[in-house]
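To find a chain, count down the sequence lines: A is the first, B the second, and so on, and within it residues start at 1.
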Amino acid sequence: MQRNLRLRHDITAAARKYFESRGFIEIETPIMAKSTPEGARDFLVPSRLNPGKFYALPQSPQLFKQTLMFSGFDRCYQVARCFRDEDLRADRQPEFTQIDLEMSFVEPDDVMKVIEELFLYIFKEVKELSDKEIKPDFTRIRWKDSMESYGTDKPDLRFGLPIKEISDIFKETSIKFFKDTLKKNGCIKSIVINDASLLSRKELEILTDIAKDCGAGGLLWIKTGYGLEFQSPVSKFLSETEKRDLIKNLNLKENNLLLIVADKFEVVCQALGTIRNYLGEKLKLINKDEFKFVWVYDFPLFEWSESEKRIVSKHHPFTKPDKNTICYLKSNPLKVNSLAYDIVLNGEEIGGGSIRINDSNLQKEIFNILELDEKRIEENFGFFIKAMEYGIPPHGGIAIGMDRMVMLLGGLDNIREVIAFPKTQSAVCMLTGTPSTVTEEQLREVFIKVIEENKEGKK
RNA sequence: GGAGCUGUCGUCUAGUGGUUUAGGACACAUGCCUGUCACGCAUGAGAUCGCGGGUUCGAAUCCCGUCAGCUCCGCCA
């Protein structure tokens, strides 16, 4: 733990030094901020001087950062505490730290360069990392390509096992569930494992369960035996043409194993992506000393939220649409891409950012597509749109999750390892017993009544 | 909200129905030794086996409930 907190300090210190040398200034923004309609659940703080009103702890300093751009600070950053009232995970705490930066007059490439150089600097300056003489490796991949080849928008590039599209091979198939899938505009994809003997019957059962957990109907396997003879539950339904095309397209050799999922695109990605990661660990394909950074870009601007039954921002509502696809904004917003980019390290998202909208009409249009009503927009973002109307510089930025980054650079697998006094999975501080009850007196002062019933509610 | 795993001295843990008066390591206390340095040696203190019920002649061990911790799904603009 001591080593971890020291590593964290060294990384933070190096980052500050780096930004300083690059002409960024560190500006603190309010922790008592405004509740936002989009995004994660807010932590609320009652206001004594304004009965019935609440501050919200910031999910990120996004609006403040952008407003600073409007005010002529063309390069600023902060080591910012952020708060999101959602359930915890091994890599997620309700209270966490971001290195958050914003720059004026930039393209995505400029922001990426700044971050790549930040990491190079960290790897050089932080002793624990420089001693190992490991060079970080940066690549870029389009969101669509990442989904196609790795089934996820945060691919782990420390190992291969790419996912291959094989829908076309089965256009004339007699295999019923393949036929059904293709009829419903689904797809068929496969992962090829070179040595079929690496996976026992029992392992295949486990993989099938993973696929089913991801919503797939199941997992089909095909082994290529001696003389490329196909062994599979569906082998007698495979035509000679299909076998020939599989061998040709997937470059199959003897003793290969194909793992195949046929379903909707999203389900296939989820299933084979999860299986791929499982196999990466299981087959020991991962070199734990490697640091593979990858920029994922060309994200969709929106996505469909099944739970809310409406379109929501994939990144956040201030993200600028890509000029090549903005023409679909009215006709089919889900086809619009954005100038957003995520940085992924060894299969974990450690940061994301975008070029922001700097046109008030476009910003209003985005809010409309998100079905935020006029009153809400005015209330929450009025000042923001007003500023845009006066003209603001084009700008963009990014936020890096400090805790997660230190965790990964330290070779750790739990975010609590790099946080002093972290919260348990039920969001409790073990040391102090926070959260705790308060006196009636305190509650009266802030005009709050606690409702006893299984759940406690504010106000 | 759902699924699963775990719960033994201060800490890490051994122990899966019967000499278990629950064993060890580190830490602690006392004494001895000692230019020692992850000191060594001896002695000692320290555990209602998370809690409540049940099964059994007998439960840390099996079952049920509960609480806590952890992992995952949902959730995380």
For [N] versus [M], give the span between their [atom1] atoms, rounded off to a whole number of Å.
N	M	atom1	answer
B/G50	B/G7	P	8 Å
B/U66	B/U20	C1'	28 Å
B/G65	B/C57	C1'	26 Å
B/U48	B/C9	C1'	13 Å
B/A29	B/U56	C1'	42 Å
B/C49	B/G31	C1'	33 Å
B/A45	B/C62	C1'	34 Å
B/G18	B/C63	P	15 Å

Complement of [N], any strand, by Watson-Crick or G-U distances under 3.5 angstrom:
N	value
B/C9	none
B/A3	B/U71
B/A14	none
B/U30	B/A42
B/A60	none
B/U66	B/G50

Keeping to residues at least two apart or across chains, list the ring-ring contact (aromatic ring centres under 6.0 Å, His included) pairs with something in residues 400-428 of chain A.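 Sorted pair list comes back empty.
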### Task
Mind jotting down which residue pairs meet the salt bridge (charged side-chain N to carboxylate O under 4.0 Å, His left out) criterion with at least one end in residues 26-38 of chain A? Sequence neighbours excluded, please.
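Qualifying pairs: A/Arg16-A/Glu26, A/Glu38-A/Arg310.
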In terms of the angle between their ring planes, are A/Phe381 and A/Phe367 parallel, tilted or perpendicular, with boundaries placed at 30° and 60°?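 If you compare the ring of A/Phe381 with that of A/Phe367, the planes turn out parallel.
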A correct 5'-to-3' footprint of nucleotides 70-77 of chain B, with B, S and - meaning base, sugar-phosphate only and no protein heavy atom under 4.0 Å, is BBSBBBBB
Considering all heavy atoms of both residues, which atom of A/Leu370 and which atom of A/Ile311 are nearest to each other, and what is their separation?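 That closest heavy-atom pairing would be CD2-O, 3.6 Å.
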Less than 3.5 Å apart, which donor and acceptor atoms pair up between the side chains of residues 396-414 of chain A and the rest of the protein, not counting sequence neighbours?
residue	atom	partner	partner atom	Å
A/Asp403	OD1	A/Thr97	N	2.8
A/Asp403	OD2	A/Arg8	NH1	2.9
A/Asp403	OD2	A/Arg8	NH2	3.1
A/Arg404	NE	A/Asp91	O	3.2
A/Arg404	NH1	A/Glu349	O	2.9
A/Arg404	NH2	A/Asp91	O	3.1
A/Asn414	OD1	A/Arg416	N	3.0
A/Asn414	OD1	A/Arg416	NH1	3.4

Can you give each donor-acceptor pair under 3.5 Å made by side-chain atoms of residues 54-65 of chain A, sequence neighbours left out, with the distance rounded to 0.1 Å?
residue	atom	partner	partner atom	Å
A/Gln59	OE1	A/Ala40	N	3.1
A/Gln59	NE2	A/Ala40	O	2.7
A/Gln59	NE2	A/Asp42	OD1	2.7
A/Ser60	OG	A/Gln62	N	3.2
A/Gln62	NE2	A/Gln66	OE1	2.8
A/Lys65	NZ	A/Asp100	OD1	2.2
A/Lys65	NZ	A/Leu101	O	3.2
A/Lys65	NZ	A/Glu102	OE1	3.2

Q) With sequence neighbours left out, which residue pairs that include part of residues 328-346 of chain A fulfil the side-chain hydrogen bond (donor to acceptor under 3.5 Å, both in side chains) condition? A)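 Sorted result for residues 328-346 of chain A: A/Lys330-A/Glu365.
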